[in-house]
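Below is one structure; the comments refer to it alone.
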Amino acid sequence: MAVKMQAQMLLFALALSMVEFSICHLLKDSVSCLDCLDSSNLAGIKILVKCNQMENVVMVTTNDHGAFETQLPSNNCQAKILGGPKQLYVSRKTMVTNIMKVDETDSYTTSQPLSFYTSCPLSQNHEGKCGTPNDASKTVDLPLPREWGLAPSSYYIPFMPIIGIP
């Protein structure tokens with residue numbers, strides 16, 4: 001019985017010696033809201049992590065405080081804010097950031113903070129990408145005399161571009 005037990009232990013030790021442990025890198029970071037109150041719930045924001053020379057991407061979801069953590073398959077990666085439960089406004093400059101190693105630890109973080117707005121920033125109103133006053137439709141409003149008592153012509157005359165008339 002003792003010989004059988006020793007043989008099993010030897011086989012178990014050999015099996016463990018053949019297993020190669022992969023080195024995983026731990027990414028720990030958080031997102032920040034630039035126009036939220038301090039007590040805002042930042043849960044549910046999706047972060048995409050893509051590493052070079054890897055086909056798979058990692059999707060992470062933030063907790064109530066905006067923090068997230070995940071294992072990285074390699075050390076040459078980038079993180080990107082994808083979206084959240086509500087509309088987010090993210091600058092193209094801060095949407096994607098590189099991931100770098102934190103000194104004297106085994107963890108990684110982003111090189112620039114991942115930040116967003118919950119409403120269109122004033123710097124982008126009307127001239128930027130957030131929207132313009134007449135975003136919905138481009139119609140022609142014909143001037144009608146007020147005495148006629150009609151609604152503006154854009155309510156009942158749609159704008160149709162005329163293309164290809166000889």
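- Here the side chains of D35 and S119 are in contact, with some heavy-atom distance below 4.5 Å.
- With rounding to the nearest 0.5 Å, the separation of OH in Y117 from SG in C36 is 11.0 Å.
- Among residues at least two apart or in separate chains, disulfide bond (SG atoms under 2.5 Å apart) pairs with a member in residues 71-102 are C51-C77.
- Counting non-hydrogen atoms of neighbouring residues, nucleotides and ligands closer than 6.0 angstrom, the CG atom of N56 reaches no more than 12 such neighbours.
- Taking all atoms of both residues into account, the shortest heavy-atom contact from P85 to A43 is CG-O, 3.7 Å.
- The closest donor-acceptor contact from the side chain of T62 to the backbone of I45 lies under 3.5 Å.
- Closest heavy-atom contact between V57 and K50: CG1-CD, 3.3 Å.
- Looking at Y108 and L26, their side chains never come closer than 4.5 Å, going by heavy atoms from C-beta outward.
- In terms of heavy-atom proximity, A67 sits nearest to S30 at CA-CB, 3.6 Å.
- Between atom CG of residue N41 and atom SG of residue C33 there is a gap of 11.0 Å, rounded to the nearest 0.5 Å.
- To the nearest 0.5 angstrom, E69 atom CD is 11.0 Å from D29 atom CG.
- Taking S111 as the reference, T97 meet the side chain to side chain donor-acceptor pair (under 3.5 Å) condition, with sequence neighbours excluded.
- Put simply, the residue from I47, L82, V49 that forms a side-chain contact (heavy atoms from CB on, under 4.5 Å) with M59 is L82.
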Are Y89 and T118 close enough, and set up right, to give a side chain to side chain contact (heavy atoms under 4.5 Å, CB included), and what steps lead you there?
-> CA-CA 6 Å; Y89 296 91; T118 56; 6.0 Å; no
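- T110 and A79 get closest at one heavy-atom pair: CG2-CB, 4.1 Å.
- Taken to the nearest 0.5 Å, the OG1 atom of T109 stands 8.5 Å off from the CG atom of L114.
- Between the side chains of S107 and K28, no donor-acceptor pair is found at a separation under 3.5 Å.
- To the nearest 0.5 Å, atoms CE (M100) and CG (L27) are separated by 11.5 Å.
- No chain of hydrophobic side-chain contacts below 4.5 Å, direct or via other Ile, Leu, Val, Met, Phe, Trp or Tyr residues, connects L48 to F68.
- Enclosure of atom NZ in K101 by more than 12 non-hydrogen atoms of other residues, nucleotides or ligands within 6.0 angstrom is indicated.
- Shown here for S40 and L37, the closest heavy-atom pair between the two residues is OG-O, 2.9 Å.
- Side-chain atoms of F116 and L42, non-hydrogen and from C-beta on, do get closer than 4.5 Å to each other.
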ask   = K80 and M95: side chain to side chain contact (heavy atoms under 4.5 Å, CB included), yes or no, with the steps?
value = CA-CA 6 Å; K80 175 182 181 179; M95 184 178 355; 3.6 Å; yes
Item to check | Worked verdict on V60 versus V58 for side chain to side chain contact (heavy atoms under 4.5 Å, CB included) | outcome: CA-CA 7 Å; V60 184; V58 177; 4.0 Å; yes
